[in-house]
Amino acid sequence: MSTKIDELFATLRGLISDQTRDLAMAMAERDRAVTSLKDAGFTLADGAERWKPPVNERMGELYRRLFSLTDERDKLTLLESFAVDGWSKAVIERDNARQSLRAAEQDVAETESVNSDLRTVNARLVADLAAAMERLNHAESILMQ
């Protein structure tokens, strides 16, 4: 039983040793990060746990440029949405125009068919009129004799 306890203590010592090493590495990493932030001009706000960026002319210019670029991006996004909406409306109008064109072409085809029928009827009427005139002339010539 004491060997089992000794093994558990050995395992526990190993885990504690690993945790201690990991903690030391994490603290060293944190210290490097803090040093880097301080070297870059960042300061720790009083009573806060956040780092404040350095306030200098260069940083102010960078912020102005960032906000300017953000505004430009927003404008371009808005313009893109307008363009997409316009394109969608143009596609709908084009499709409607195509449907109207097809309907007009169908109307033209029907009109040409009706006109052809009317020409045929007109030709028959003209032929019937010519035949009736001929019969009338023949009847008049008989009556005149």
Side-chain angles (χ1 to χ4, degrees), residues 4-5 7-144:
K4 186 103 169 160
I5 292 175
E7 287 176 12
L8 289 173
F9 273 124
T11 304
L12 185 59
R13 277 187 212 102
L15 290 173
I16 290 172
S17 169
D18 290 346
Q19 290 295 322
T20 304
R21 181 179 38 86
D22 291 346
L23 180 60
M25 289 174 57
M27 290 175 70
E29 183 80 20
R30 186 200 61 186
D31 291 343
R32 280 194 297 273
V34 167
T35 302
S36 295
L37 285 170
K38 285 182 177 178
D39 289 347
F42 281 75
T43 56
L44 191 58
D46 294 332
E49 295 182 12
R50 291 181 5 175
W51 288 91
K52 292 191 314 187
V55 179
N56 58 30
E57 190 174 315
R58 171 102 172 107
M59 187 58 74
E61 178 61 26
L62 290 175
Y63 278 130
R64 279 191 292 283
R65 287 178 59 198
L66 174 65
F67 293 133
S68 172
L69 291 173
T70 302
D71 288 345
E72 286 299 315
R73 185 197 66 207
D74 292 344
K75 288 176 189 174
L76 290 174
T77 302
L78 184 62
L79 287 175
E80 178 190 21
S81 70
F82 287 154
V84 168
D85 289 346
W87 181 263
S88 298
K89 288 177 184 176
V91 167
I92 291 170
E93 288 179 21
R94 181 201 64 199
D95 291 344
N96 289 342
R98 284 181 178 170
Q99 289 176 353
S100 296
L101 179 61
R102 285 188 203 109
E105 287 172 345
Q106 193 173 13
D107 289 347
V108 166
E110 290 175 12
T111 302
E112 286 182 8
S113 175
V114 168
N115 281 345
S116 175
D117 292 345
L118 287 175
R119 283 188 206 102
T120 303
V121 168
N122 192 31
R124 280 192 221 144
L125 288 174
V126 168
D128 289 347
L129 177 62
M133 290 300 288
E134 194 174 312
R135 286 193 303 275
L136 177 64
N137 287 339
H138 182 63
E140 280 181 352
S141 68
I142 293 175
L143 287 175
M144 295 282 204

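These numbers come from a predicted model, not from an experiment.
Surrounding CD of Glu80 are at most 12 heavy atoms belonging to other residues, nucleotides or ligands under 6.0 Å away.
Applying the side-chain hydrogen bond (donor to acceptor under 3.5 Å, both in side chains) rule to Glu29 yields the partners Arg32; only residues at least two apart in sequence or on another chain are considered. Among residues two or more places apart in sequence or in another chain, the side-chain hydrogen bond (donor to acceptor under 3.5 Å, both in side chains) test is passed with Arg13 by none. In this structure, Glu105 has no salt bridge (charged side-chain N to carboxylate O under 4.0 Å, His left out) partners at least two apart in sequence or on a different chain.
Note that the CG atom of Asn122 and the CZ atom of Arg124 stand 11.0 Å from one another [nearest 0.5 Å]. Going from atom CZ of Arg21 over to atom CD of Gln19 covers 9.5 Å, rounded to the nearest 0.5 Å. From Asp74, atom CG reaches atom CG of Leu79 across 11.0 Å, with rounding to the nearest 0.5 Å. Here the CG-CG distance, from Leu118 to Leu125, works out to 10.0 Å after rounding to the nearest 0.5 Å. Asp31 CG to Thr35 OG1: the interatomic distance, rounded to the nearest 0.5 Å, is 6.5 Å. Note that the OG1 atom of Thr77 and the CD atom of Glu72 stand 10.5 Å from one another [nearest 0.5 Å].
For the pair Ser141/His138, a side-chain contact is recorded, criterion being any heavy-atom separation below 4.5 Å from C-beta on. Side chains of Glu134 and Asn137 form no contact here, defined as non-hydrogen atoms less than 4.5 Å apart. By the 4.5 Å heavy-atom criterion applied to side chains, Val108 and Thr111 are not counted as neighbours.
No side-chain donor-acceptor contact under 3.5 Å links Ser116 to the backbone of Glu112.
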Quiz item: Would Thr20 and Ser17 satisfy side chain to side chain contact (heavy atoms under 4.5 Å, CB included), going step by step from the backbone distance to the final call?
Solution: CA-CA 5 Å; Thr20 304; Ser17 169; 5.7 Å; no

